[in-house]
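Whatever order the structure lists them in is the order used to number ligands and atoms, beginning at 1.
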Amino acid sequence: MNPQTFSETRDNPMRETPLSKLGESRVLRAFMPIINAHNEQVAAAARQAGRIEPLEVGPGDDCAVLAEPAPGQRTVVTTDTLVEDQDFMNLWPGGIARAGEAGEFILDPARSSGYDVGRKAATQNLADVAAMGARPASLFISLSLPGSTPYGWIDGFAHGIVDGINACGATECVIGGGDIGDSTEMSVTVTALGYTDRAVLRSGARPGDTIALAGRTAWSDAGLRLLLNPLSLPATALLRAIAAGQEVEAALGAVAQAWEKKQAEGSSALPEGLIELVRTLTPEDAAHMIAVCERAVESQHHPVSPIPAGDVARQHQASSMLDLSDGLVKDAGRVAAASGVQMRLDRAAVDAFAEPLLPLARLLLAIGERNEAGESPASLARTFVLVGGEDHGLLATFPGEVPEEFVPLGTCVADAPERGLSAELYGAERRHNAVTGAAVVMDGRSLDGMGWEHYGASA
Ligand SMILES: Nc1ncnc2c1ncn2[C@@H]1O[C@H](COP(=O)(O)OP(=O)(O)OP(=O)(O)O)[C@@H](O)[C@H]1O
Ligand SMILES: Cc1ncc(C[n+]2csc(CCOP(=O)(O)O)c2C)c(N)n1
Ligand SMILES: [Mg+2]
């Protein structure tokens, strides 16, 4: 997966040249046309639609000058940073095996390219803007990169930002400017601005509102787990061999040998669980499993947030909204805390999101993924849905009709009195509420505490 990334496949004579050999102004001279071409496209579309062009002054001066928003519009602003080895890796421990030309398997770990980082940086900031019920208007990009970074990385990054904007459907969003500077590690900070006539906050959810999700969840986390597990390489090589019709024992022999060669030291044997699993697979099963793996890794590298759904949610009177970056339970818990309600998730709806990930959960269990909730693929796939972050779907609550972009996931109920709501509001609900004081509940059990935590571990 993610084999030849954008910058690696493009014919660019400066591709391998380190930034330190080029200097800031030459880097910017090469980088800016990619940004300007995108801005020009957005401006042309605005002219054609009879809208005001978003940038009065684009990149090149001390500041950008943004066109005034329409009367009554509020400006929303957010910023987010991606750091090497915390949010992406230049070289991951695992990845998906590729087929070589002679039918052999290439067991090289995945790399995050500049293009991948650009896609992710754009999406995570656009999602925050959309989660306020706003339309993204502009991005500002700060790049801190070691001088050894090849120019191809930054060229790919610019294309990744532009493709990220387009893939998410943020059609009115321009790139207003940024900064580039030397650093010991790679880090990328994007600031995003957007406009709305009503900001949808986390604090507006009320008892009786329907909880619903637009876009994906769980996939990016499943992809992360594959990328972090070195055994994903021989495991996916086996799947490819079986999918291609190779006899299972022959495939096991060939992949075990290739994997042994690849490992300089340490244990190189294929896990028993993996051997057992692949012996049960038909070529069709293996083909399906590898397709699910590819989609998951693609979701980690290139998450796509349904940006227009943020505006739709606002128009459908969404009472609260946020993007899922840290996992359903953790992020729903933020709405619960801000709104003073309890979020009750519907098990069947959660399982419907988990179902397509079952083949990947089976594979991950076979290569040693720990699953505290039990050993079944179903419980691991459900865990991806509950704790998986970084797909940047939009989680909203609706007092009335749920727009078709959103899938219902549960209901807000009155909170326990000790968490802030009055006894009158809480009322009869208390008798049905098996877990008082919990923010997020499923099947009458508190799910609080699950999710991604910087400076901590993902539960
Ligand atoms: N260094 C900081 N200075 C000021 N405010 C901060 C700082 N770090 C975080 N915050 C604020 O804390 C809140 C939570 O930040 P966080 O980055 O978790 O946002 P989020 O939307 O929950 O996550 P994500 O950005 O992944 O969607 C935000 O309102 C943010 O503005
Ligand atoms: C190398 C590597 N390790 C771990 C992760 C997982 N991860 C990083 S940040 C985050 C939550 C959102 O963060 P923020 O709130 O800062 O947007 C998650 C789930 C990754 N992507 N890459
Ligand atoms: Mg957010």
Side-chain angles (χ1 to χ4, degrees), residues 2 76-95 109-113 116-117 119-134 136 139 142 164 168 185-194 199-203 213-230 232 296-303 305-307 309-310 313 320-338 383-396 450-459:
N2 189 33
V76 303
V77 189
T78 181
T79 192
D80 222 325
T81 300
L82 292 175
V83 179
E84 170 186 359
D85 290 343
Q86 303 299 322
D87 301 286
F88 65 91
M89 294 180 96
N90 288 315
L91 188 63
W92 294 87
R111 295 169 178 276
S112 294
S113 65
D116 299 335
V117 178
R119 286 283 303 254
K120 209 169 169 179
T123 300
Q124 67 166 200
N125 281 279
L126 295 168
D128 275 327
V129 170
M132 299 300 284
L139 300 183
S142 178
C168 292
E185 64 177 359
M186 297 175 120
S187 126
V188 170
T189 298
V190 173
T191 299
L193 277 73
V200 181
L201 308 185
R202 297 174 178 191
S203 52
L213 176 68
R216 232 180 246 183
T217 194
W219 284 89
S220 179
D221 182 42
L224 178 69
R225 291 172 199 240
L226 273 177
L227 288 166
L228 290 174
N229 189 330
S232 57
V297 170
E298 170 73 13
S299 299
Q300 168 60 217
H301 285 311
H302 305 158
S305 181
I307 298 306
S320 76
M321 185 154 50
L322 45 51
D323 70 305
L324 293 188
S325 56
D326 295 336
L328 174 61
V329 172
K330 182 146 203 165
D331 287 322
R334 290 175 167 143
V335 174
T383 303
F384 300 154
V385 179
L386 295 175
V387 310
E390 295 190 296
D391 285 285
H392 301 285
L394 300 177
L395 187 77
M450 299 175 101
W452 178 261
E453 190 76 61
H454 281 294
Y455 306 116
S458 183

>> Taking 4.0 angstrom as the limit and counting only heavy atoms of Asp323, give me the atoms of ligand 1 inside it, by number and element.
In response: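 The atoms of ligand 1 under 4.0 Å from a heavy atom of Asp323 are 27 (O).
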>> Give the atom numbers and elements of ligand 1 that come within less than 4.0 Å of a heavy atom of Asp80.
In response: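 It comes down to these atoms of ligand 1: 24 (P), 25 (O), 26 (O).
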May I ask you to identify the nearest protein heavy atom to [atom], giving residue, atom name and distance to one decimal place in Å?
atom                    : value
atom 17 (O) of ligand 2 : Asp80 OD2, 3.5 Å
atom 9 (S) of ligand 2  : Asp87 OD1, 3.1 Å
atom 16 (O) of ligand 2 : His454 NE2, 2.8 Å
atom 6 (C) of ligand 2  : Glu390 OE1, 3.3 Å
atom 10 (C) of ligand 2 : Trp452 NE1, 3.2 Å
atom 5 (C) of ligand 2  : Gln86 O, 3.5 Å
atom 27 (O) of ligand 1 : Asp128 OD1, 2.9 Å
atom 26 (O) of ligand 1 : Ser325 OG, 2.8 Å
atom 12 (C) of ligand 2 : Asp326 OD1, 3.2 Å

>> One residue to check: Leu228. Relative to ligand 2, which of side chain, backbone, both or neither has a non-hydrogen atom less than 4.0 Å away?
In response: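 It is neither part, as no heavy atom is under 4.0 Å.
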When you measure from the side chain of [X] to the backbone of [Y], do you find a donor-acceptor pair of N or O atoms at a distance under 3.5 Å?
X      : Y      : answer
Asp331 : Ser325 : yes
Gln300 : Gly223 : no
Thr123 : Gly164 : no
Asp323 : His392 : no
Asn229 : Arg225 : no
Thr78  : Val129 : no
Ser232 : Leu227 : no

How about [atom]: does it have a protein heavy atom within less than 4.0 Å?
atom                    : result
atom 20 (P) of ligand 1 : yes
atom 31 (O) of ligand 1 : no
atom 10 (N) of ligand 1 : no
atom 24 (P) of ligand 1 : yes

>> Test of understanding: given a 4.0 Å heavy-atom threshold, classify the contact between Leu322 and ligand 1 as side chain, backbone, both, or neither.
In response: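 Contact part for Leu322 vs ligand 1: neither.
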> Do Asp116 and Lys120 meet the salt-bridge criterion of a basic N to acidic O distance under 4.0 Å?
Replying inline: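 Not counted as a salt bridge, because no side-chain N and carboxylate O are separated by less than 4.0 Å.
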> If you look at Asp323, which of its N/O/S atoms is nearest to the Mg ion (ligand 3)?
Replying inline: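 Of all N, O or S atoms belonging to Asp323, OD1 is the one nearest the Mg ion (ligand 3).
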> Nearest to the Mg ion (ligand 3), which N, O or S atom of Asp128 do we find?
Replying inline: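 Of all N, O or S atoms belonging to Asp128, OD1 is the one nearest the Mg ion (ligand 3).
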Would you mind running through ligand 2 and noting each atom that sits below 4.0 Å from a heavy atom of [X]?
X      : answer
Asp85  : 1 (C)
Phe88  : 22 (N)
Met89  : 1 (C)
Ser325 : 11 (C), 12 (C)
Gln124 : 17 (O)
Gln300 : 21 (N)

> Backbone or side chain, does any N or O of Trp92 fall under 3.5 Å from an N or O of ligand 2?
Replying inline: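 No; the residue has no nitrogen or oxygen that sits under 3.5 Å from a nitrogen or oxygen of the ligand.
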Return the [atom1] to [atom2] distance between [X] and [Y], rounded to the nearest 0.5 Å.
X      : Y      : atom1 : atom2 : result
Arg119 : Gln124 : CZ    : CD    : 13.5 Å
Ser305 : Glu390 : OG    : CD    : 13.0 Å
Leu82  : Asn125 : CG    : CG    : 8.0 Å
Thr81  : Asp87  : OG1   : CG    : 8.5 Å

Got [X] and [Y] here, is their nearest side-chain heavy-atom distance under 4.5 Å?
X      : Y      : result
Asn90  : Glu84  : yes
Val77  : Thr191 : yes
Asp80  : Thr189 : no
Val387 : Asp221 : yes
Leu328 : Leu395 : yes

> So is Lys120 in contact with ligand 2, going by heavy-atom distances below 4.0 Å?
Replying inline: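 Yes.
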> Does the N or O separation between Asp326 and ligand 1 drop below 3.5 Å for any pair?
Replying inline: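 No, no N or O pair falls under 3.5 Å.
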> Can you find a non-hydrogen atom of Arg202 under 4.0 Å from ligand 1?
Replying inline: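 Arg202: in contact with ligand 1 (<4.0 Å).
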> Are Arg334 and ligand 1 in contact, using a heavy-atom cut-off of under 4.0 Å?
Replying inline: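 Heavy atoms of Arg334 do come under 4.0 Å of ligand 1.
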